[in-house]
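First up is the structure itself, then whatever we jot down about it.
When reading the values below, keep in mind they use all heavy atoms of this one structure, side chains included, and skip hydrogens, waters and symmetry mates. None of the values given here were measured: they were computed from a predicted structure.
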Amino acid sequence: MRILAATLGAYLLASLAATGLALLLPMGRTEAVLIATMAAFLIAPGVTIWAFLTRRPRDALGGILLAAGAMAGLIWLGGRGA
């Protein structure tokens, strides 16, 4: 379960973070996408490490899903203003 949470969760959060940051950063589209993609490359290993540092696999999965929900909410809010 930790391996699934680490791999799929890291991909999910990295892609949601890249999308959300690209929408919300107050700069040109090209620069925003570039910075958001670089940030996603830092988020993915952080999520993977965190998934293995939690005490229980359920905590890792719950935290990843909570963060993914928050990022999806930011994308939804950011997409409405565009």
Side-chain angles (χ1 to χ4, degrees):
M1 184 171 223
R2 285 185 195 269
I3 293 171
L4 285 176
T7 55
L8 298 178
Y11 177 76
L12 175 69
L13 279 178
S15 62
L16 285 173
T19 303
L21 284 173
L23 286 173
L24 297 174
L25 286 174
M27 56 187 65
R29 183 178 293 175
T30 304
E31 290 86 10
V33 169
L34 182 66
I35 291 173
T37 303
M38 287 190 290
F41 282 124
L42 295 175
I43 291 170
V47 170
T48 302
I49 292 168
W50 183 77
F52 288 101
L53 286 179
T54 57
R55 290 187 183 263
R56 295 181 301 219
R58 183 181 63 184
D59 294 342
L61 190 59
I64 290 170
L65 291 177
L66 184 67
M71 292 304 285
L74 287 175
I75 291 170
W76 182 71
L77 289 174
R80 293 185 65 172

- Query: Who passes side-chain contact (heavy atoms from CB on, under 4.5 Å) against Arg56, sequence neighbours left out?
  - Reply: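 Arg56: side-chain contact (heavy atoms from CB on, under 4.5 Å) contacts with Arg58, Asp59.
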- With sequence neighbours excluded, residues passing side-chain contact (heavy atoms from CB on, under 4.5 Å) with Pro45: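 If we apply the side-chain contact (heavy atoms from CB on, under 4.5 Å) test to Pro45, skipping adjacent residues, there are no hits.
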- Item | Where Ile64 and Ala5 come nearest, the two heavy atoms and their spacing |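 Heavy-atom minimum between the residues: CD1-O, 3.3 Å.
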- Item | Closest heavy-atom pair and its distance - Leu13, Ala67 |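 The answer is CD2-C, 3.6 Å.
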- Message: Taking transitive links into account, so neighbours of neighbours count too, which hydrophobic residues share a cluster with Ile49 at under 4.5 Å side-chain distance?
- Response: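 Besides Ile49, the hydrophobic cluster comprises Leu53, listed by chain and residue number.
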- Message: Using a 4.5 Å cut-off between side-chain heavy atoms of Ile, Leu, Val, Met, Phe, Trp and Tyr, which other residues end up in the same hydrophobic cluster as Leu8?
- Response: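 So far as hydrophobic clustering goes, Leu8 is joined with Leu4.
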Could you go through residues 14-36 and list every donor-acceptor pair under 3.5 Å that involves a side-chain atom there, pairing it with any protein atom two or more places apart or in another chain?
residue	atom	partner	partner atom	Å
Ser15	OG	Tyr11	O	3.0
Ser15	OG	Leu12	O	3.0
Thr19	OG1	Ser15	O	2.9

- Task: Identify, with sequence neighbours excluded, every residue that meets side-chain hydrogen bond (donor to acceptor under 3.5 Å, both in side chains) alongside Thr54.
- Result: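 Listed in chain order: Arg2.
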- Task: Find out if a path of hydrophobic residues (ILVMFWY) with successive side-chain heavy-atom gaps under 4.5 Å connects Leu61 to Trp50.
- Result: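 No, Leu61 and Trp50 fall in different hydrophobic clusters.
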